[in-house]
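Heads up: the structure comes next, in structure tokens.
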Amino acid sequence: MLLGVNIDHVATLRNARGGIEPSVLEAAKICIDAGANGITAHLREDRRHIKDSDILSLKNDLKCRLNMEMAATDEMQKIALNLLPDACCIVPEKRQEVTTEGGLDVFSQQEKIINFVEPLNNAGILVSLFIDPDEKQIRAAAKTQAKYIELHTGAFSIAFGTKNEQSEFLKLKNAAILAQSLGLKVNAGHGLNYQNVSRMREISGIEELNIGHSIISKAIFTGLDKAVKQMLDLVYIY
Ligand code: PXP
């Protein structure tokens with residue numbers, strides 16, 4: 001399985017101060033140097049974390065696979081067709097949500113998604129549809145010409161360690177089997193962390209996991225000690 005690191009929350013932190021620190025590009029470089037297989041960034045309509053300049057510099061200044069998450073809007077399609085990221089993951093977007101809450105409803109807007117995917121495919125961008133592990137959605141996704149789906153692992157992540165873990169896990173496993181039988185390639189992500197991620201290895205054929213929040217959160221604790229020591233070196237008068 002490959003790992004795409006979702007870098008959005010480095011931008012969230014930067015935007016909290018409105019300055020240039022921490023740098024999204026620097027963070028992405030560290031992820032790639034550490035062995036990540038790609039960078040994922042969600043350009044939201046409200047630009048609450050990743051901004052246009054971030055996605056541009058990730059594309060131009062970082063030699064790695066870039067997966068741009070975006071809503072199925074004309075604005076985003078235009079940006080993607082200009083930018084030509086390696087991949088686009090189409091997600092639903094609600095202004096009020098804290099993070100992407102549910103999967104894309106491909107079933108009830110199949111025609112719209114088909115039309116949305118076509119120019120991206122023609123431009124050589126690998127398109128994935130972020131959907132819940134739901135048979136109806138998978139069958140609809142298979143009719144859109146998107147090559148990938150990304151299974152929404154949020155419900156599994158919430159259920160992890162509870163009596164519902166296995167049933168949510170089986171939904172993902174069966175969804176992956178069905179999708180592959182219909183010719184779709186399968187990625188997964190959302191809410192995966194250091195505790196629950198190993199269960200994804202029990203699902204054969206998942207190509208890539210996209211993980212953000214838990215990695216950025218972990219980085220605070222693995223890096224804080226070093227950061228304090230470096231500051232102490234500057235502050236202490238020996
Ligand atoms: N995949 C998709 C489609 C997402 O929208 C997100 C969250 O932006 C992720 C993966 C990563 O989720 P998390 O930050 O919970 O790891």
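These numbers come from the heavy atoms of this one structure, side chains and all, not from hydrogens, waters or symmetry mates. Counting starts at 1 for both ligands and their atoms, in listed order. Numbers here are sequence positions counted from 1.
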List ligand 1 atoms under 4.0 Å from V91, heavy atoms only on the residue side. 3 (C)

Is the shortest side-chain N to carboxylate O distance from R199 to E202 below 4.0 Å? yes

Under 3.5 Å: N/O of G212 near N/O of ligand 1: yes

Any Lys/Arg nitrogen of D46 or R48 sitting under 4.0 Å from an Asp/Glu carboxylate oxygen of the other? yes

If you measure from each non-hydrogen atom of H9 to ligand 1, which part falls under 4.0 Å: side chain, backbone, both or neither? neither

When C64 is tested against each of L58, V5, I32 for side chain to side chain contact (heavy atoms under 4.5 Å, CB included), which residue passes? I32

Does the pair D225/K229 count as a salt bridge with the N-to-O cut at 4.0 Å? yes

So I90 and M70, do their side chains get closer than 4.5 Å, heavy atoms only? yes

Quick test of your reading of the structure: of E69, H152, H213, H42, whose heavy atom lies closest to atom 2 (C) of ligand 1? E69

Ligand 1 contacted by G191 (non-hydrogen, < 4.0 Å): yes

Using a 3.5 Å cut-off on N or O atoms only, is N210 in polar contact with ligand 1? no

